[in-house]
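Read through the structure below, which is laid out as structure tokens, and then see the notes.
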Amino acid sequence: MVDVEVKRDRIVIRYKGKKWDWILEPRYWRNTLLWSALLVLFPLISYFVSPILLNTVITANLYAAIAIPPCFDDRRYGTDELRSQFFHRGGGYTAALLSIAYGWGPLPTLPFAIIASLISALLFSPLVIVARGLYYILLTLLLPLVFLEITFIYTDTFKGDVGLAGIKLLVDTGMVKVNFLLAAFISMFLMFLYLWVVNKVLKSRYGLIMAAINDGRRLPTGSGSTFIKSKFWLSCSPRE
């Protein structure tokens, strides 16, 4: 049986020994909801006032979604790295080239983009694992730059800095403005989904373990730090 308890500042739900609670105090949700509502309304306003801004909204959402994973790595693992940009480009170009060659849409090309990113990660990640500190950052920066040079060398395939043309549209309603409006909301949904997943991970036990790894690297060596780290890991370990 589900037990729902409504308190002044939260809602508590209990079911089969599990407990979920949501905080209702305005200081926890007011600013988040206000800014989220503004982001959702901005594409609609742009659609009627200046439709050209929809392209800016789409680009901003995609850049934010791409930036979230590196920021997440830096926040929890304490690693400044740009290697993930290389994987994104490999998957993106794979999807784009398949769309141009075979006329496939986003959904059919998505599995191939994921596979291309995984293969590139398996092939090139060992090159940077052996490095530490500044050399690690430089090597992760080198991979995207090498891929950029490849796009310039093989211009017939990758089109260099001009960009690929002829990619099948994400949505096609027959009206350009509506297509851009729907693409803006889809990109915004993906960005919010990234934020939600990262937030859940950070608040989970796995996020606590990642924080311990990050903090452990910054602790000085010695018996004191060993005691602090062992005490922290004991607090993270499962209890009977």
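When side chains are defined from C-beta on, Phe189 does not count as touching Ile186, because their heavy atoms never get closer than 4.5 Å. Considering only heavy atoms from C-beta on, Tyr15 stays 4.5 Å or farther from Asp3 through its side chain. Two residues are said to be in side-chain contact when any heavy atoms from C-beta on lie closer than 4.5 Å; Met188 and Val40 meet this criterion. When side chains are defined from C-beta on, Leu97 counts as touching Thr157, because their heavy atoms get closer than 4.5 Å. You'll find the side chain of Leu62 stays beyond 4.5 Å of the side chain of Met191, heavy atoms only. Side chains of Val178 and Tyr47 form a contact here, defined as non-hydrogen atoms less than 4.5 Å apart. You'll find the side chain of Lys19 stays beyond 4.5 Å of the side chain of Ile13, heavy atoms only. At least one side-chain heavy atom of Thr32 sits less than 4.5 Å from a side-chain heavy atom of Ser36.
Leu39 and Leu195 fall within the same hydrophobic cluster, defined by Ile, Leu, Val, Met, Phe, Trp and Tyr side-chain heavy atoms under 4.5 Å apart, directly or through other members. Ile66 and Leu110 are not part of a single hydrophobic cluster, where members link through side-chain heavy atoms under 4.5 Å apart. Criterion: ILVMFWY side-chain heavy atoms under 4.5 Å apart, direct or through other members. Under it, Phe42 and Leu44 are part of a common hydrophobic cluster. The hydrophobic cluster containing Ile150 does not contain Leu98, counting ILVMFWY residues as joined when their side-chain heavy atoms lie under 4.5 angstrom apart, directly or transitively. In the hydrophobic clustering of ILVMFWY residues, with side-chain heavy atoms under 4.5 Å counting as a link, Tyr93 and Leu148 come out apart.
If you take CD1 on Ile167 and CH2 on Trp104, they are separated by 14.5 Å, rounding to the nearest 0.5 Å. Going from atom OG of Ser120 over to atom CD1 of Ile115 covers 12.0 Å, rounded to the nearest 0.5 Å. In this structure, the separation between CG on Asn199 and CZ on Phe192 is 13.0 Å, given to the nearest 0.5 Å. For the atom pair CG (Leu182) and CG (Leu169), the distance works out to 11.5 Å, reported to the nearest 0.5 Å. Interatomic distance, CD1 of Ile119 versus OG1 of Thr94, reported as 8.5 Å (0.5 Å rounding). Between the OG atom in Ser187 and the CG atom in Leu170 there is a gap of 9.0 Å [rounded to 0.5 Å].
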With side-chain contact (heavy atoms from CB on, under 4.5 Å) as the test, would you mind laying out the steps for Leu181 and Leu54 before giving the verdict?
-> CA-CA 7 Å; Leu181 180 63; Leu54 291 174; 4.2 Å; yes

Test side-chain contact (heavy atoms from CB on, under 4.5 Å) applied to Tyr102 and Thr109, step by step | CA-CA 10 Å; Tyr102 301 103; Thr109 57; over 6 Å; no

Could you walk me through whether Trp196 and Val201 pass side-chain contact (heavy atoms from CB on, under 4.5 Å), step by step?
-> CA-CA 9 Å; Trp196 181 79; Val201 173; over 6 Å; no

Show your reasoning for whether side-chain contact (heavy atoms from CB on, under 4.5 Å) applies to Ile11 and Asp21.
-> CA-CA 5 Å; Ile11 297 176; Asp21 61 319; over 6 Å; no

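Take Phe152 and apply the ring-ring contact (aromatic ring centres under 6.0 Å, His included) test, not counting sequence neighbours, and it matches no residue. Residues that satisfy the side chain to side chain contact (heavy atoms under 4.5 Å, CB included) test with Lys18, not counting sequence neighbours, are Trp20. Partners of Phe48 according to the ring-ring contact (aromatic ring centres under 6.0 Å, His included) rule, which considers only residues two or more places apart in sequence or in another chain, do not exist here. In this view, Phe180 satisfies the ring-ring contact (aromatic ring centres under 6.0 Å, His included) rule with no residue, not counting sequence neighbours. In terms of the salt bridge (charged side-chain N to carboxylate O under 4.0 Å, His left out) criterion, Asp172 has no residue partners (sequence neighbours excluded). Residues passing the side chain to side chain contact (heavy atoms under 4.5 Å, CB included) test with Thr59 are Asn55, Tyr63, sequence neighbours excluded.
Applying the 6.0 Å contact sphere to NZ of Lys177 captures more than 12 heavy atoms from other residues, nucleotides or ligands. For CG of Leu123, the number of neighbouring non-hydrogen atoms (other residues, nucleotides, ligands) closer than 6.0 Å is greater than 12. In Phe147, the CZ atom is crowded: over 12 heavy atoms of neighbouring residues, nucleotides or ligands sit closer than 6.0 Å. Counted within 6.0 Å of OH on Tyr194, heavy atoms from surrounding residues, nucleotides or ligands total 12 or fewer; the atom is thus considered open.
Here the closest non-hydrogen pair linking Ala184 and Pro43 is CB-CB, 4.3 Å.
For Asn179 (side chain) and Thr173 (main-chain N/O), a donor-acceptor pair under 3.5 Å exists by modelled atom type. Under the 3.5 Å distance criterion, the side-chain polar atoms of Ser99 are left unmatched by any main-chain donor or acceptor of Ala95.
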